[in-house]
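Taking it in order: structure first as structure tokens, then the write-up.
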Amino acid sequence: MRVPVAPLLISGMHVTFNLAADLDAALKAAATTAGLEADAFNPEVRPADPRHGDFQANGVLGYAKARKLNPRATAEQLVSALPDTLREGYDVSIAGPGFINFTLKPATLLAWLQTHDTAAHLKSGAAALYHGRRYVVDYGSPNTAKQMHVGHVRSIVIGEAICRLLAFCGAEVTRDNHLGDWGTQFGMILYGYRHFLDHAALARDPLEEFERLYKVANAACKADPAKLEQARLELVRLQQGDADAVALWQQVNQLSIDSLKAIYDRLGVTYDFFLGESFYRDRVAAIYHELTEAGLAVESQGALVVFHPEHPRFATQPFIIRKSDGASNYASTDLATMAYRVEHFSADGIIVVTDTRQNDHFEQLWLTTQKWFSATNRRLPEFQHVTFGTILGEDGKAIKTRSGDPIKLQDLLDEAEERAFALVTEKSPDLPEADRRDIANAVGLGAVRYADLSQNRSSDYVFNWDKILSFDGNTAPYLLYAVTRVHSIFRKAGLDPKDSAATAGANAFESEHELALSRKLAGLPAVLNTTTAQLRPHFLSTYLYELAGTFSSFYAAEKVIVDEAPVRARRLLLCARTLLFLETGLHLLGLRTLARM
RNA sequence: GCUUCUGUAGCACAAUGGAUAGUGUAGUGGCCUCCGAAGCCAUUGAUCCGGGUUCGACUCCCGGCGGAAGCACCA
């Protein structure tokens with residue numbers, strides 16, 4: 001866990017964002033004071049089950065056991081060495097075999113919530129986590145001259161959430177779309193373009209037309225060897241840099257990128273770069289040379305490959321970096337990409353978001369990169385291959401249309417909005433159509449996104465429209481509804497949730513539901529920590545769902561707009577912060593929130 | 001065959017080695033003269049099997065069984 005060095009509580013009034021980091025630092029200091037072997041002591045502070053407290057420190061158990069000490073006695077020593085400033089903020093107790101439990105006092109909760117009052121303040125609090133680190137995130141990565149399909153959803157949605165999360169937590173993030181814009185398919189596409197182009201169709205939807213051209217050309221070449229030869233020559237010309245072929249290829253790619261951007265816009269995704277495979281094609285020769293010089297690459301069956309003798313499988317399963325026909329492939333361009341991202345973007349971390357089927361490739365890529373960088377004195381970045389499973393249909397197989405084709409991404413998003421529109425119209429028939437369209441856009445696209453982000457990306461998941469558009473359970477509609485309810489409270493009261501006047505004069509929380517909600521809110525920093533540490537957005541999703549549920553319980557149990565001013569103020573404070581945290585969190589996941597629906 | 005991912009209530013999903021394994025749906029029973037009932041409250045029900053490591057295992061290791069995927073020039 002990456003934790004910042006943070007100052008301790010100052011008399012309960014000014015509190016730092018990351019409470020767990022405060023406790024961690026305080027316990028380490030207490031270990032020294034109490035005469036423990038401080039270097040060997042890890043407090044292991046983590047969020048606790050609310051029944052036990054807000055945080056628990058488990059480190060004493062292992063420490064005491066290893067030294068044959070009584071863990072409870074060691075815990076006593078530690079606790080009594082904690083500074084008074086910390087004890088003013090928490091109730092501290094020792095439980096069971098030696099857990100140290102910390103429960104935030106109501107006044108501390110109040111101070112923490114008053115301090116963290118805007119998205120900007122939350123962001124500056126979270127920025128300690130990744131401050132000063134540069135990440136290149138590679139996600140999306142479709143082929144050009146082809147429409148995106150449902151298989152691209154997860155990479156886009158998960159990748160974008162990761163970018164937003166890291167940026168929120170202080171990192172400098174570069175979004176790079178590693179397009180598949182170079183390869184043998186272009187012989188066929190260029191041949192098709194020259195002989196079968198439908199200009200009207202190209203103007204209407206370039207990607208659909210390119211896909212059609214590929215199919216038509218492919219069929220024509222199968223029927224006629226002479227045409228096949230022409231298509232092959234088209235590819236040769238392109239690879240040899242023939243000006244005419246290159247110009248046409250560039251035109252196809254530019255039109256493709258423009259069309260892709262339209263869908264990314266729809267999803268609120270903006271890339272900094274579209275550096276596809278073609279960008280690296282002049283850089284692969286140097287890699288063949290360097291890897292051969294370093295003794296890493298060898299000729300095998302006519303191809304240039306890298307083996308990893310120390311590895312049980314990759315000792316014999318080759319990493320092919322140059323095909324036997326002399327052409328590069330994605331292994332060579334990916335190696336070039338690694339070097340470019342370190343050298344050009346000064347990346348501290350490289351994150352690639354692809355489906356789990358590419359595991360072997362990226363494991364081989366990383367093994368090779370480490371040896372290659374070491375041999376050539378390059379700086380080694382962190383590398384994370386963020387994988388995800390398959391989206392399944394109701395039959396448990398990869399989701400397809402009835403005719404067996406992949407579902408086009410465009411069609412999926414259209415259907416999401418249509419279905420959401422029907423739901424909104426059913427629930428709120430009195431709203432003007434333009435409003436219902438806008439709500440349907442947020443709900444429909446949000447539902448598709450949230451379906452992906454709310455579960456562990458490692459697993460496959462079953463896609464079901466009724467489930468993801470349901471208002472019950474861990475869904476986008478439920479969360480968006482919770483947001484609108486909070487907005488509604490302020491609207492009814494004639495107040496602005498961002499205006500601190502409404503919450504001024506709040507006194508400390510008292511009721512069970514007030515305390516439960518305030519404590520849930522104080523759990524945000526720890527959630528950001530685990531979400532970014534594992535690059536698993538579902539941790540944040542689960543938190544937001546629980547927060548919405550805790551709010552709903554509070555809201556059902558406690559009247560907010562009451563006569564007693566301090567009580568009204570503190571409850572409005574809870575509402576304002578719930579709104580802020582829900583909206584901030586949902587925006588990090590890429591969802592658009594609504595004031596009414 | 002080798003490897004990776006994955007097995008948790010009828011179904012769909014949670015659980016950075018920590019305390020009594022959480023939630024949703026479906027089932028049952030309650031709650032709107034009251035800030036949005038698209039909601040809330042209560043209740044029934046589960047860790048694939050067998051070993052091991054650990055003070056402590058859904059989690060880590062080993063061996064089975066089931067599902068998905070990858071394994072020489074597609075990405």
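Computed from a predicted structure; not experimentally measured. In what follows, every heavy atom counts, from backbone to side chain, and hydrogens, waters and symmetry copies are set aside. Chain letters run A, B, ... following the sequence lines, proteins first, then strands; residues in each count from 1.
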- Pairs involving residues 462-483 of chain A, ordered by first then second residue, that meet ring-ring contact (aromatic ring centres under 6.0 Å, His included) (sequence neighbours left out):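 Listed by first then second residue: Phe463(A)-Trp465(A), Tyr478(A)-Tyr545(A).
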What contact category does [X] fall into here, base, sugar-phosphate, or nothing, at under 4.0 angstrom with non-hydrogen atoms?
X	value
Pro477(A)	nothing
Asn143(A)	nothing
Ser428(A)	base
Ala64(A)	nothing
Asn101(A)	base
Lys427(A)	base
Gln56(A)	base
Glu558(A)	base
His538(A)	sugar-phosphate
Ser458(A)	sugar-phosphate
Ser300(A)	base
Val462(A)	sugar-phosphate
Gln317(A)	sugar-phosphate

Roughly how many Å apart are [M] and [N], using the [atom1] atom of each and rounding to a whole number?
N	M	atom1	value
G51(B)	A57(B)	P	14 Å
G36(B)	A75(B)	C1'	50 Å
C13(B)	A46(B)	C1'	13 Å
G22(B)	A15(B)	C1'	7 Å
C2(B)	U20(B)	C1'	43 Å

- Item | Verify stack between His52(A) ring and A19(B) base, 5.5 Å, 30 degrees |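 By the stated criterion, His52(A) and A19(B) stack.
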- Most 5' of Val305(A) and Gln358(A) on RNA chain B, judged by nearest nucleotide: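 Mapping each residue to its closest nucleotide by heavy atoms, the 5'-most match is Val305(A).
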- Message: Check the phosphate of C74(B) against Lys323(A), side-chain N and O only, distance under 4.0 Å to OP1 or OP2. Yes or no?
- Response: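 For C74(B), OP1/OP2 do have a side-chain N/O of Lys323(A) under 4.0 Å.
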- Query: Between Thr425(A) and Arg436(A), is any side-chain donor less than 3.5 angstrom from a side-chain acceptor?
  - Reply: yes
- Any side-chain donor-acceptor pair under 3.5 Å between Ser324(A) and Gln301(A)? no
- Task: Decide if the gap between the ring center of His52(A) and the ring center of Phe99(A) is smaller than 6.0 angstrom.
- Result: no
- Query: So which nucleotide from G18(B), A14(B), U4(B) ends up closest to the side chain of Asn58(A)?
  - Reply: G18(B)
- Of the listed nucleotides C34(B), G18(B), A15(B), the one nearest the side chain of Phe539(A): A15(B)
- Note on the structure: For RNA chain B, the expected dot-bracket line (Watson-Crick or G-U under 3.5 Å, [ ] crossing, | inter-strand) is (((((((..((((....[...)))).(((((.......)))))....(((((..]....))))))))))))....
Output a table of nitrogen or oxygen pairs between the protein and nucleotides 39-43 of chain B separated by less than 3.5 Å.
from   : atom 1 : to        : atom 2 : distance (Å)
G39(B) : OP1    : Phe471(A) : O      : 2.5
G39(B) : OP1    : Asp472(A) : OD1    : 2.7
G39(B) : OP2    : Asp472(A) : OD1    : 2.8
G39(B) : O2'    : Arg485(A) : NH1    : 3.0
G39(B) : O2'    : Arg485(A) : NH2    : 3.0
C40(B) : OP1    : Tyr478(A) : OH     : 3.0
C40(B) : O3'    : Ser553(A) : OG     : 3.3
C41(B) : OP1    : Ser553(A) : OG     : 2.6

